[in-house]
Each structure stands twice: as C-alpha cells, then as structure tokens.
Amino acid sequence: QVQLVESGGGLVQAGSSLRLSCAASGRSFSTYAMGWFRQAPGKEREFVATISWRGGSTNYADSVKGRFTISRDNAKNTLYLQMSSLKPEDTAVYYCAARRDIMASTIDSDYNYWGQGTQVTVSS
C-alpha cells in the first residue's frame with residue numbers, strides 16, 4: 001500500500017510559478033511510475049505529466065509541454081511538478097498517482113494509488 005500526500009498548491013497570478021510536491025509512504029516508491037493529473041470544475045480529470053521509475057522517461061500533455069516539469073527524488077520518496085508561466089486555464093485540483101509498474105503512463109486507469117489533491121488557482 002502506498003499513501004500519497006500532495007502539497008504546494010495555492011492562489012497565484014498568471015505568469016507565476018509553483019512547485020507541487022507529492023510525498024509517498026512505503027518502500028516501493030522507487031519501483032513505481034508516477035503521474036500528475038488535474039481536474040477543473042465541471043470537467044473530467046485529465047493527464048498532466050508522467051515519469052518512469054528512475055526518471056529516465058517523461059511525458060507531458062500538450063497543454064503543459066514546455067511550461068511544466070515532472071521530476072522525482074527516490075531517496076526522499078517525493079514526486080515534484082514544477083509549473084511555470086501559469087495560465088488561468090491551469091486552475092484545477094492537482095492529483096499525484098502511483099502505478100505498480102516501472103513504465104510511465106498517460107492513462108489514469110493504469111494508476112493504482114491516488115492522493116487527495118491540492119488546489120491550484122491562477123488568477124488573470
């Protein structure tokens with residue numbers, strides 16, 4: 001079992017930066033691929049970014065490519081999402097997720113564990 005706790009969300013102005021963190025419990029973090037997803041009000045949850053078990057492979061949604069960077073520190077059992085040039089359309093609850101597989105995935109049903117989410121609000 002893995003427990004995931006996100007932090008780092010908040011209210012920022014357009015053009016600002018934020019770094020989200022996801023702290024994972026358990027000894028298996030380093031063997032799991034990880035992902036970030038988000039859900040805006042009235043919309044379905046959508047993929048944001050994913051990273052393989054050692055960080056050698058990453059993938060991003062087109063809407064965040066070039067602005068967001070996913071990374072992980074396996075020694076600290078922590079996943080990160082560095083977000084820059086934030087836009088109002090990035091406003092959402094951001095969730096981290098863990099997959100019992102070493103391969104990154106953009107599909108939410110591939111993930112086995114989810115955090116509770118952290119709110120990111122970008123004002124114009």
Side-chain angles (χ1 to χ4, degrees):
Q1 189 76 9
V2 174
Q3 291 187 328
L4 304 172
V5 179
E6 302 96 335
S7 62
L11 171 62
V12 297
Q13 292 187 331
S16 300
S17 298
L18 272 179
R19 187 176 80 159
L20 305 183
S21 299
C22 174
S25 66
R27 294 178 291 178
S28 300
F29 176 80
S30 62
T31 65
Y32 290 172
M34 300 294 295
W36 286 100
F37 292 78
R38 68 186 182 186
Q39 187 167 20
K43 295 187 178 181
E44 292 189 354
R45 185 168 59 194
E46 65 174 0
F47 164 74
V48 175
T50 182
I51 188 166
S52 60
W53 67 313
R54 289 182 176 178
S57 176
T58 59
N59 198 358
Y60 298 90
D62 287 343
S63 59
V64 307
K65 203 169 294 184
R67 299 188 297 121
F68 290 11
T69 302
I70 189 171
S71 62
R72 64 190 299 162
D73 185 336
N74 286 345
K76 296 182 178 180
N77 278 15
T78 304
L79 175 73
Y80 302 100
L81 185 68
Q82 179 68 47
M83 307 185 294
S84 61
S85 302
L86 283 162
K87 305 174 181 180
E89 50 264 44
D90 294 319
T91 295
V93 177
Y94 283 71
Y95 299 92
C96 74
R99 183 184 187 212
R100 287 197 303 260
D101 195 288
I102 62 174
M103 300 291 289
S105 174
T106 65
I107 304 171
D108 59 0
S109 60
D110 283 346
Y111 289 82
N112 305 100
Y113 306 103
W114 293 82
Q116 293 299 307
T118 186
Q119 176 71 47
V120 172
T121 303
V122 184
S123 64
S124 58

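Fair warning: this is a prediction, and the values are worked out from it, not measured in the lab.
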Approximate separation, where rounding is to 0.5 Å, of Y113 OH and S25 OG: 9.5 Å
N112 side-chain N/O to R100 backbone N/O, donor-acceptor pair under 3.5 Å: yes
More than 12 heavy atoms from other groups under 6.0 Å of CD on Q116: no
Side-chain heavy-atom pair F47, I107 within 4.5 angstrom cut-off: no
Q3 atom CD, neighbour heavy-atom count above 12 within 6.0 Å: no
Linked, directly or transitively: L86 and V48 (ILVMFWY side chains, under 4.5 Å): yes
Side-chain donor/acceptor pairs under 3.5 Å, residues 8-18, sequence neighbours excluded:
{"from": "S16", "atom 1": "OG", "to": "Q13", "atom 2": "O", "distance (Å)": "2.8"}

Approximate separation, where rounding is to 0.5 Å, of S30 OG and D73 CG: 11.0 Å
Taking every non-hydrogen atom, the tightest pair across S71 and I51: CA-CD1, 3.8 Å
Check: N77 side chain, G26 main-chain N or O, donor-acceptor pair, under 3.5 Å: yes
Q39 side chain reached by Y95 side chain, heavy atoms, under 4.5 Å: yes
Cluster link L4 to W114, ILVMFWY, side chain under 4.5 Å: no
OH-SG distance between Y80 and C96, expressed to the nearest 0.5 angstrom: 12.0 Å
Worked check of side chain to side chain contact (heavy atoms under 4.5 Å, CB included) between Y111 and T50: CA-CA 11 Å; Y111 289 82; T50 182; 2.8 Å; yes
hydrophobic_cluster_shared for L81 and V64, side chain cutoff 4.5 Å: yes
Distance-minimising heavy-atom pair for V122 and K87: CB-O, 3.3 Å
Residue pair W36 / L79, side-chain heavy-atom distance below 4.5 Å: yes
Within 45° cone of Y60 ring axis and under 6.0 Å: R67 NZ or CZ: no
Separation of S109 OG from R99 CZ (nearest 0.5 Å): 9.0 Å
Distance-minimising heavy-atom pair for S124 and P88: CB-CG, 3.8 Å
Side chain to side chain contact (heavy atoms under 4.5 Å, CB included) assessment of F68 paired with Q82: CA-CA 5 Å; F68 290 11; Q82 179 68 47; over 6 Å; no
Any F37 side-chain heavy atom under 4.5 Å of V93 side chain: no
D62 and K65: CA distance, side-chain angles, deciding distance, salt bridge (Lys or Arg N to Asp or Glu O under 4.0 Å) verdict: CA-CA 5 Å; D62 287 343; K65 203 169 294 184; 3.2 Å; yes
Cluster overlap M34 with V120, hydrophobic side-chain contacts below 4.5 Å: yes
Gap between atom OG of S52 and atom CD1 of I102 - 0.5 Å precision: 8.0 Å
Residue among T91, D90, T118 satisfying side-chain hydrogen bond (donor to acceptor under 3.5 Å, both in side chains) with R38: D90
Flag side-chain contact, heavy atom, 4.5 Å: L20 against E6: no
